[in-house]
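In each ligand, atom 1 is the first atom listed, and ligand 1 is the first ligand listed. Any value given below was found using the heavy atoms of this structure, including those in side chains, with hydrogens, waters and symmetry copies removed. The first residue of the sequence shown is numbered 1, and numbering continues consecutively from there. The structure presented is a predicted model; accordingly, all values stated were derived computationally and were not measured.
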Amino acid sequence: MLFSGLKVWTSRSLWIHRLHEGINGGGKARYSSCSPKVCIVGGGPAGFYTAQHLIKARPDVTVDIYERLPVPFGLVRFGVAPDHPEVKNVINAFTQTARRERCSFYGNVNVGKDLSVTELQEAYHAVVLSYGAEGNRRMGVPGEDLSGVYSAKDFVGWYNGLPSCRELGPDLSCETAVILGQGNVALDIARVLLSPIDLLKKTDITQPALEVLEESRVRRVLIVGRRGPTQIAGTVKEVREMVNLPNTRPDMLASDFEGVKEALKDLPRPRKRLTELMLKTAMETPGEKEHERREKASRVWGLRFYRSPVEILADPQRSSRTAGIRLAVNKLEGSGEEARAVLTGEMEDVSCGLIISSIGYKSLSIDPSVPFDSHRSIVPNNMGRIQEAPGLYCSGWLKTGPTGVIATTLNNSFDTVRSMLEDMDSGTLNTSAAKPGSQSTNALLENRGVKPVTFSEWEKIDSEEVRRGAAIGKPREKLLTVEEMLQLAGK
Ligand code: FAD
Ligand code: NAP
């Protein structure tokens, strides 16, 4: 009891205290005479969390966020599933950050094209690259470019209103869809494909996507993974959403679950819960009520394990379209998370008219002056410091690769800020000479005919989207083209 009122200062909590107070270890502010100007490239979670932490940590720092699109929030707007509105609440915190006096948002600025990274380095004391992972991993199999085959990135972008995916026009006239990969993105897509339209109608899914899904003839979705049930990348909440999805029933193969029950005892807790859920769904006879529900369901979903894509098969009648996929049957070498899929030599063909490759996103290089590891598709960095590039930092998926939820991105952005503050304190990052910041970039953008969208202009777009949504019972109806966004922003 004696100690109940005392605060225990671990090294992390001490650092967090310093971060929030803007004070060095000695208890005295030790800032350089001119206020540091930092710019961030990318207005997704990493960009906003980096800005938020920096602004809290140093009362003298100003932060400018450059975003390629006229609208902010990255994958929170264009990735997170429309039926997961609670995840999008982070937007409220990002909005508070953007409204701070020391933070400015410049939407509609494509770094690498409208401004080079070198120009940003000349204008600011530090540049943080947080532009995410906008490419997708390819399967690298013959037939990947046939029509009817889509990347998850494009499919998700289409239903979430990403302007570059507006014309995707996926053909949902087939009965069976195959999704390759078993991560949460694959599960999001399966759910959107099979959800009752009345559920989707109440979300911010775009109206054109809703209309295509309303006409969809897809009745069966198989989610295919190269390894086994104890290696699935998706998480329990998302698998449970599939299990409980109205008007659907599961279709699993008992053979995929051989030996899985015996392995349960050695699994770490979250994976154990997930595996138990899959085992129950696949192997147990359902109770009467669940049996009845499954009997009535007109749509089917299934997880398929130990299968890798080998070839996308063309339709013999229409050779530019897909009619199926050839899968290699695998076995596992090793165990646990590290187990590797190895080929058995056996093959299996599955007929389907829609194939979505959901095997991961990947970052791209946007400027040749920035070091880029094209093998790992990340910017090589040490705790967010880009290697061999003083004054350049990175955060978010560009820093770590395309894994992790928004909370993971928060933590890794926090770590990058910690590195930058250490460099400011130690003088490794020189902030002694004044820098022009947005004064010089605004002049460059004006010369180049680029019209940045401010945060208050985004708020006009936001209000209009919310207004359009309310008229049809949705939280928002997104604008689908950059032109319309710019028009509404008054550009
Ligand atoms: P991004 O969110 O991609 O942001 C990058 C930003 O940079 C974008 O706004 C982009 O337009 C901008 N940009 C790109 N190039 C340039 C350029 N040249 N110049 C200027 N700006 C540029 N996590 C959860 O916690 N819950 C979920 O439900 C969830 N669902 C997800 C669904 C999908 C489909 C995906 C792919 C991910 C999901 N995640 C979810 C993970 C989460 O979205 C990521 O952790 C997070 O968005 C990564 O943040 P980021 O800022 O690094 O990248
Ligand atoms: P992911 O979780 O990394 O899953 C990728 C999947 O693709 C895995 O099943 C992987 O199998 C498979 N794969 C990779 N390369 C392959 C290949 N060459 N051939 C066959 N299969 C291959 O990626 P994601 O689904 O894109 O998700 C990205 C991140 O966003 C994740 O951290 C995810 O949790 C997060 N996210 C979260 C939510 C949510 O919280 N609701 C929603 C969406 C996304 P292996 O395991 O065998 O490599």
Side-chain angles (χ1 to χ4, degrees), residues 40-50 65-81 83-88 90 106-115 117 120 129-134 136-141 151-153 155-157 159-160 162-164 179-189 191-192 223-228 231-235 237-238 241 305 307-310 327-328 330 332 337 339-341 357-367 394-410 412-413:
I40 293 170
V41 178
F48 277 98
Y49 282 130
T50 305
I65 300 175
Y66 291 90
E67 163 58 48
R68 184 170 56 81
L69 289 163
V71 295
F73 311 138
L75 284 169
V76 177
R77 177 179 167 105
F78 294 116
V80 171
D83 59 344
H84 284 172
E86 68 291 349
V87 177
K88 303 186 196 201
V90 290
Y106 296 90
N108 194 38
V109 179
N110 189 346
V111 173
K113 189 167 159 266
D114 300 329
L115 287 173
V117 172
L120 290 175
L129 301 179
S130 311
Y131 63 80
E134 296 222 305
N136 63 283
R137 281 193 207 131
R138 284 177 62 83
M139 292 183 283
V141 300
S151 70
K153 184 188 83 70
F155 196 80
V156 168
Y159 65 63
N160 275 332
L162 185 64
S164 58
I179 304 176
L180 279 320
Q182 293 180 324
N184 282 333
V185 173
L187 294 167
D188 278 354
I189 293 173
R191 208 174 60 250
V192 167
I223 307 155
V224 178
R226 60 181 167 180
R227 300 190 290 160
Q231 286 81 30
I232 187 172
T235 44
K237 174 177 171 279
E238 285 65 27
E241 282 179 302
F305 295 95
R307 304 286 186 275
S308 293
V310 172
L327 298 169
N330 302 327
L332 285 193
E337 307 289 335
R340 271 180 2 100
S357 156
S358 182
I359 62 169
Y361 286 54
K362 80 173 189 193
S363 294
L364 306 170
S365 164
I366 58 163
D367 188 311
C394 57
S395 63
W397 275 15
L398 178 66
K399 172 186 174 185
T400 58
T403 60
V405 292
I406 294 169
T408 330
T409 301
L410 175 148
N412 95 46
S413 304

Report task. Would you check the N or O atoms of Arg227, main chain and side chain alike, for any that come under 3.5 Å of an N or O of ligand 2? Result -> yes

Query - Any N or O of Asp188 closer than 3.5 Å to N or O of ligand 1 - result: no

Query - Ala46 N/O to ligand 1 N/O under 3.5 Å - result: yes

**Report entry** Student check: side-chain heavy atoms of Val111 and Val117 closer than 4.5 Å
**Finding:** yes

Query raised in the report: Got an N/O contact under 3.5 Å between Tyr361 and ligand 1?
Result: no

Query raised in the report: Which protein non-hydrogen atom lies closest to atom 23 (O) of ligand 2, naming both residue and atom, and how far is it?
Result: Gly360 CA, 4.5 Å

Report task. Below 4.0 angstrom from a heavy atom of Val80, which ligand 1 atoms are there? Numbered from 1 as shown, please. Result -> 27 (C), 28 (O), 29 (C), 30 (N), 32 (C)

Query raised in the report: With ring centroids as reference points, do Phe48 and Phe73 lie under 6.0 angstrom apart?
Result: yes

**Report entry** Interfacing atoms of ligand 1 (cut-off 4.0 Å, heavy-atom, Ser130)
**Finding:** 5 (C), 7 (O)

Query raised in the report: atom 32 (O) of ligand 2: protein heavy atom closer than 4.0 Å?
Result: yes

Report task. Would you mind running through ligand 2 and noting each atom that sits below 4.0 Å from a heavy atom of Trp397? Result -> 28 (C), 29 (C), 30 (O)

Report task. For residues Ile65 and Tyr106, determine if any side-chain heavy atom of one lies less than 4.5 Å from a side-chain heavy atom of the other. Result -> no

Requested in this report: Pull out every atom of ligand 2 sitting under 4.0 Å from any heavy atom of Val405, numbered as shown with elements.
Outcome: 37 (C), 40 (O)

Query - Within-shell test, Val76 vs ligand 1, heavy atom, strictly < 4.0 Å - result: no

Query raised in the report: Looking at Asn412, Val41, Ile40, which hits side-chain contact (heavy atoms from CB on, under 4.5 Å) with Ser130?
Result: Ile40

Query raised in the report: Does Asn136 reach the main-chain N or O of Ala152 with its side chain, forming a donor-acceptor pair under 3.5 Å?
Result: no

Requested in this report: For Ala233, take its heavy atoms, then give the atoms of ligand 2 lying under 4.0 Å from any of them.
Outcome: 2 (O), 4 (O), 8 (C), 9 (O)

Query raised in the report: Any idea which protein heavy atom is nearest atom 4 (O) of ligand 2, and the distance to it?
Result: Gly183 CA, 3.5 Å

**Report entry** Contact (N/O only, under 3.5 Å) between Ile406 and ligand 1
**Finding:** yes

Report task. Select the closest option to atom 53 (O) of ligand 1 among Gly396, Ala186, Gly132, judged by heavy-atom distance. Result -> Gly132

Query raised in the report: Who's the nearest protein heavy-atom neighbour of atom 26 (O) of ligand 2, and how far?
Result: Val185 CG2, 3.4 Å

Report task. Please indicate whether any nitrogen or oxygen in Glu238 is less than 3.5 Å from any nitrogen or oxygen in ligand 2. Result -> yes

Query raised in the report: Less than 4.0 Å between a side-chain N and a carboxylate O, is that true for Arg68 and Glu134?
Result: yes

Query raised in the report: So which of Asn160, Asn184, Val111 gets nearest to atom 18 (N) of ligand 1, if we judge by its closest heavy atom?
Result: Val111

Query raised in the report: What protein heavy atom sits nearest atom 35 (C) of ligand 2, and how far away is it?
Result: Gly404 O, 4.0 Å

Query raised in the report: Between Asn330 and Phe305, is any pair of side-chain heavy atoms under 4.5 Å apart?
Result: no

Query raised in the report: Taking distance alone, with no angle check, do Ser395 and ligand 1 share an N/O pair under 3.5 Å?
Result: no

Query raised in the report: What residue and heavy atom of the protein are closest to atom 9 (O) of ligand 2, and at what distance?
Result: Gln182 N, 3.0 Å

Query raised in the report: What residue and atom, counting heavy atoms only, is the protein's closest point to atom 15 (N) of ligand 2, and at what distance?
Result: Arg226 NH2, 3.4 Å

Report task. Pull out every atom of ligand 1 sitting under 4.0 Å from any heavy atom of Val41, numbered as shown with elements. Result -> 19 (N), 20 (C)

Report task. Please write down residue, atom name and distance for the protein heavy atom closest to atom 28 (C) of ligand 2. Result -> Pro402 O, 3.4 Å

Query raised in the report: With a cut-off of 4.0 Å, which atoms of ligand 1 are near a heavy atom of Gly74?
Result: 2 (O), 4 (O), 8 (C), 9 (O)

Report task. Check whether any heavy atom of Leu180 sits under 4.0 Å from an atom of ligand 2. Result -> no

Report task. Check whether any N or O atom of Leu75, backbone or side chain, sits under 3.5 Å from an N or O atom of ligand 1, and answer yes or no. Result -> yes

**Report entry** Contacting atoms of ligand 1, where contact means under 4.0 angstrom from a heavy atom of Gly44
**Finding:** 4 (O), 6 (C), 9 (O), 51 (O)

Requested in this report: Specify the protein heavy atom at minimum distance from atom 21 (N) of ligand 2: its residue, its atom name, and the distance to 0.1 Å.
Outcome: Ile359 CG2, 3.5 Å

